[in-house]
Structure formats: structure tokens, C-alpha cells
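Structure record follows, encoded as C-alpha cells.
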Amino acid sequence: MSSAKFTDHVYALTRLIPQGKVATYSSLARALGNSGAARAVGNALNKNPDAPRTPCHRVVRANGQVGDFASGSAKKIKLLKKEGVIVWQGKVDLEKYFYEFKNKKQGC
DNA sequence: CATATGACACTAT
DNA sequence: AATAGTGCCATAT
């Protein structure tokens, strides 16, 4: 059993990313409470490249770059494009496709 | 317990 | 703008 709450939570949030949207490693880390654990987030996803329920390809860099991918960044870009995310020059428009994790309770 | 690794981020050059 | 160097955090060994 994995007690790695961190990694476990990373998958949970990644699964919440709707199709056609993208999140950033840093943002994910922040949602977990570890704002500076962007690297750790990436590690978590990299360790689970087989998780079909975890759309790890929807997680990109903070600067809009698609970043790396276990099966190759090209594959990642392809998947994103298929989902409706326009990837141009290996970058995505975070202003348009960025998905912010929100608590289902809050509504402010 | 210390060292090494890694799908990142930021600052300086 | 692009590249390099440094920092950060979690896991694996």
C-alpha cells in the first residue's frame, strides 16, 4: 500500500482535469499544499505512466510549455490537440486552457 | 540516515 | 529572447 499521500493526491487532482483543459505542475503542487513541489508532482506522474485513468498529458509547465512525457512530448501534444487544446510551437495558451483546482464547496 | 535522481520553477547572464 | 545555473520537494536506493 502506498502511503504516499502526496503522490496519491497528485493523481486525484490530475483526474479532475476536464478534457480540453490543462493544469500546471506548480499549480497542482499548490493545490496539494506544497507550492514548491512542482518537481515532486512531475515525479509522481512519471512513476505512473500506465495509469489510464490519470490524464497526465493534461499537465503542462508553468510557462505554457507542454513539458516532458513518459512516451515522448510529441505524444502528449497529440493527445492535447485531440482533446481540443491548441498546441502551438510546443506551447499551450494557459490563459485559455488553464484549469484551476477549486474546492467544490466554495463559491465565493 | 545520506546520496542520487527527476515529466519543474525562478533568477541571472 | 534564449541558455545556464541554482533552489525545492518527494521518492528510490
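Protein chains get the first letters and strands the later ones, always in sequence-line order, with residue 1 at the start of each.
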Quiz item: Is there side-chain contact between Val92(A) and Ile86(A), with at least one heavy-atom pair below 4.5 Å?
Solution: no
Self-check item: Sub-4.5 Å side-chain heavy-atom contact between Val59(A) and Thr24(A)
Solution: no
Quiz prompt | dA7(B) OP1/OP2 closer than 4.0 Å to side-chain N/O of Asn46(A) | solution = yes
Practice problem: Would you mind reading off the distance between Phe6(A) atom CZ and dG6(B) atom C1', rounded to a whole angstrom? | Solution: 13 Å
Quiz item: Nearest-Å distance, CZ (Arg30(A)) to C1' (dA9(B))?
Solution: 11 Å
Practice problem: State the CG-CG distance between Asp68(A) and Leu45(A), to the nearest 0.5 angstrom. | Solution: 12.0 Å
Quiz item: Going by heavy atoms closer than 4.0 Å, what residues in residues 60-68 of chain A are next to DNA chain C?
Solution: none
Practice problem: Measure from CD1 on Ile77(A) to C1' on dA7(B) and round the result to the nearest Å. | Solution: 13 Å
Self-check item: Side chain Tyr25(A) and base dA9(B) donor-acceptor under 3.5 Å
Solution: no
Quiz item: Looking at the side chain of Phe69(A), which of dA9(B), dA10(C), dA7(B) is the nearest nucleotide?
Solution: dA7(B)
Quiz item: Expressed in angstrom and rounded to an integer, what is the separation of Leu28(A) atom CG from dG6(B) atom C1'?
Solution: 16 Å
Quiz item: Heavy atoms, side chains only, cut-off 4.5 Å: are Arg15(A) and Arg53(A) in contact?
Solution: yes
Quiz item: Hey, does Tyr25(A) have a side-chain heavy atom less than 4.5 Å from the side chain of Arg61(A)?
Solution: yes
Self-check item: Any Asn34(A) side-chain N or O less than 4.0 Å from OP1/OP2 of dC8(C)
Solution: no
Practice problem: Scan Ala37(A) against the nucleic acid and name what it touches under 4.0 Å (heavy atoms): base, sugar-phosphate only, or nothing. | Solution: sugar-phosphate
Practice problem: Looking at every strand, decide which applies to Thr24(A) at a 4.0 Å heavy-atom threshold: base, sugar-phosphate, or nothing. | Solution: nothing
Quiz item: Are the aromatic ring centres of Tyr99(A) and Phe101(A) under 6.0 angstrom apart?
Solution: yes
Practice problem: Would you check if the side chain of Glu83(A) reaches a backbone N or O of Lys21(A) as a donor-acceptor pair within less than 3.5 Å? | Solution: no
Quiz item: Taking CG from Leu32(A) and P from dC9(C), how many angstroms apart are they, rounded to a whole number?
Solution: 14 Å
